[in-house]
Protein chains: 2
Amino acid sequence: MRAPNHLDQTLLALADPTRRAILQRLSAGETRVTELAEPFAMSLNAVSKHIRVLERARLVHRRREGREHLLSFTPKPMDDVARWMDAQRANWSARLQALDDLLQAEDRAAASTPPDKKGRTR
Amino acid sequence: MRAPNHLDQTLLALADPTRRAILQRLSAGETRVTELAEPFAMSLNAVSKHIRVLERARLVHRRREGREHLLSFTPKPMDDVARWMDAQRANWSARLQALDDLLQAEDRAAASTPPDKKGRTR
DNA sequence: CTGATATTCAACCCTGAGGTTGAACAATGC
DNA sequence: GCATTGTTCAACCTCAGGGTTGAATATCAG
């Protein structure tokens, strides 16, 4: 029994072209379910399920107005993803930078001592 | 038979805490498979499968050195995700901005005409 | 009340994801 | 050659994802 966290659910929700298309459509404004489903080559029910996935990930908010359900895009979870990715890339860059510094230090050391075959591949 | 595109595969690969942890570990530098698997409460085989998912998404590159397989993080696919998200949020902001402009225009119009109760619910 | 429209619920199917275990393969050490 | 280490391959299990169809629910229009 896993307890999927928010990042899991957001990324999972985004990992489907239909759902990304839905979000794209919604970022142009509130839309009814049927209207949203119309362009897709699948049943209304299938789209309804996709919407539930997006709601679970809090990427979509539903507002009921009579028998119509109006959906809107709520971008906050994507900010969280962006933050995770930024952190990840910061790590990565930091490591590359450290590696670079190290290599330069080695070069300087090599320059002041008899050059004895430094194999810096790449 | 769907043909999942790169975004799909990248996001799917990222939508799992084990795999995100693997990437985090790898962003600190190249690591052997066994070493990578050690902290996880699952079989080596399970981790090996996760790695294959990451490779399929091109988030990880494998370099064979003797019997050891050295894995490294390759961030490019995450850049693509970042680009998609930026575009998405640009859309969203643009729409909010347009909405805002519209509302302000209406307010100005309302201020210069007798308010005649148009049922703008909410 | 009746019928049409908007939407979900429920049951089912198929495929793939994530895990297991056991065997196979490849490189190393003696 | 032989045992050991690093890693994958293969078969299997269970469960969730994404789709279908058919029925149920809620609202609106007459």
Side-chain angles (χ1 to χ4, degrees), chain A residues 1-23 25-26 29-72, chain B residues 1-23 25-26 29-72 119 121:
Chain A
M1 191 188 292
R2 265 188 279 337
N5 63 35
H6 283 195
L7 266 187
D8 286 8
Q9 300 196 156
T10 305
L11 288 162
L12 190 69
L14 292 177
D16 180 286
T18 302
R19 287 193 291 261
R20 285 199 303 277
I22 289 178
L23 288 185
R25 176 70 175 78
L26 287 184
E30 251 188 353
T31 313
R32 289 187 306 120
V33 172
T34 314
E35 189 180 349
L36 200 55
E38 188 267 324
F40 295 104
M42 69 183 68
S43 74
L44 176 62
N45 263 348
V47 174
S48 182
K49 279 188 170 186
H50 280 301
I51 293 170
R52 292 220 296 141
V53 174
L54 290 167
E55 280 186 291
R56 189 177 60 180
R58 309 246 192 283
L59 282 163
V60 156
H61 175 254
R62 181 190 305 254
R63 175 169 77 86
R64 245 148 289 217
E65 186 156 303
R67 63 186 159 180
E68 302 182 343
H69 295 208
L70 296 174
L71 306 170
S72 53
Chain B
M1 190 188 288
R2 318 191 233 332
N5 63 34
H6 282 195
L7 266 188
D8 286 9
Q9 298 196 158
T10 306
L11 288 162
L12 191 70
L14 293 177
D16 180 288
T18 302
R19 288 193 291 261
R20 285 198 303 277
I22 289 178
L23 288 185
R25 176 73 175 76
L26 286 184
E30 251 188 352
T31 314
R32 287 187 307 121
V33 171
T34 314
E35 189 180 349
L36 200 54
E38 188 265 325
F40 296 105
M42 68 182 69
S43 75
L44 176 63
N45 264 348
V47 174
S48 182
K49 278 188 171 188
H50 281 300
I51 292 169
R52 291 219 296 143
V53 174
L54 290 167
E55 281 186 291
R56 189 179 57 180
R58 307 245 192 287
L59 282 162
V60 156
H61 176 254
R62 180 191 305 255
R63 176 168 75 85
R64 244 148 290 220
E65 184 155 304
R67 61 184 160 182
E68 302 181 344
H69 295 206
L70 296 173
L71 305 171
S72 52
T121 33

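Letters A, B, ... mirror the listed sequences (proteins, then strands); counts begin at 1.
- Annotation: R58(B), atom CZ; neighbour count of heavy atoms from other residues, nucleotides and ligands within 6.0 Å does not exceed 12.
- Look at S48(B) and you'll find a side-chain N or O under 4.0 angstrom from OP1 or OP2 of dT8(D).
- With contacts defined as side-chain heavy-atom distances shorter than 4.5 Å, the pair L71(A)/E30(A) does not qualify.
- D8(A) has its CG atom 16 Å from the P atom of dA17(C), to the nearest Å.
- Separation of atoms CG (L59(A)) and CG (L26(A)) is listed at 10.0 Å; rounding is to 0.5 Å.
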I'd like a table of atom pairs between the protein and nucleotides 1-3 of chain D - only N or O on both sides, under 3.5 Å - with the distance next to each one.
none

Contact pattern, 5' to 3', of nucleotides 21-30 of chain C - B, S or - by protein heavy atom under 4.0 Å: BB----BS--

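- Counting to the nearest Å, the P atom of dG17(D) and the CG atom of L11(B) are 16 Å from each other.
- Atom-to-atom, CZ of R52(B) to C1' of dG16(C) comes out at 13 Å; the value is rounded to the nearest Å.
- Annotation for L14(A) and L11(B): closest pair O-CD1, 3.3 Å, computed over non-hydrogen atoms.
- What separates CG of L14(A) from C1' of dG17(D) is a distance of 16 Å, to the nearest Å.
- Both L12(A) and I51(B) lie close to DNA chain D; mapped to their nearest nucleotides by heavy-atom distance, the more 5′-ward contact belongs to I51(B).
- Of the side-chain N and O atoms in R32(A), one or more sit less than 4.0 angstrom from OP1 or OP2 of dA6(C).
- In this structure, CZ of R64(B) is placed 11 Å from P of dT7(D), rounded to the nearest angstrom.
- None of R67(A), R63(A), R62(A) except one satisfies the salt bridge (charged side-chain N to carboxylate O under 4.0 Å, His left out) rule with E65(A); the exception is R63(A).
- One N or O on the side chain of R19(A) and one on the backbone of L12(A) form a donor-acceptor pair closer than 3.5 Å.
- Annotation: R52(A), atom CZ; neighbour count of heavy atoms from other residues, nucleotides and ligands within 6.0 Å does not exceed 12.
- At dT8(D), one or more side-chain N or O atoms of H69(B) fall inside 4.0 Å of OP1 or OP2 (strictly under the cut-off).
- Rounding to whole angstrom units, NE2 of residue H50(A) and P of dT7(C) are separated by 17 Å.
- For the atom pair E68(A) CD and T31(A) OG1, the distance stands at 11.5 Å (nearest 0.5 Å).
- At distances below 3.5 Å, at least one donor-acceptor pair connects side-chain atoms of Q9(B) with backbone N or O atoms of R56(B).
- Mapping R19(A) and R62(B) onto DNA chain D by nearest heavy atom places R62(B) at the nucleotide closer to the 5' end.
- The side chain of T34(A) lies closest to dA6(C) when the candidates are dA6(C), dG6(D), dG18(D).
- Rounding to whole angstrom units, NZ of residue K49(B) and P of dC13(D) are separated by 13 Å.
- Computed from coordinates, the L36(B) CG to dG6(D) C1' distance equals 13 Å when rounded to whole Å.
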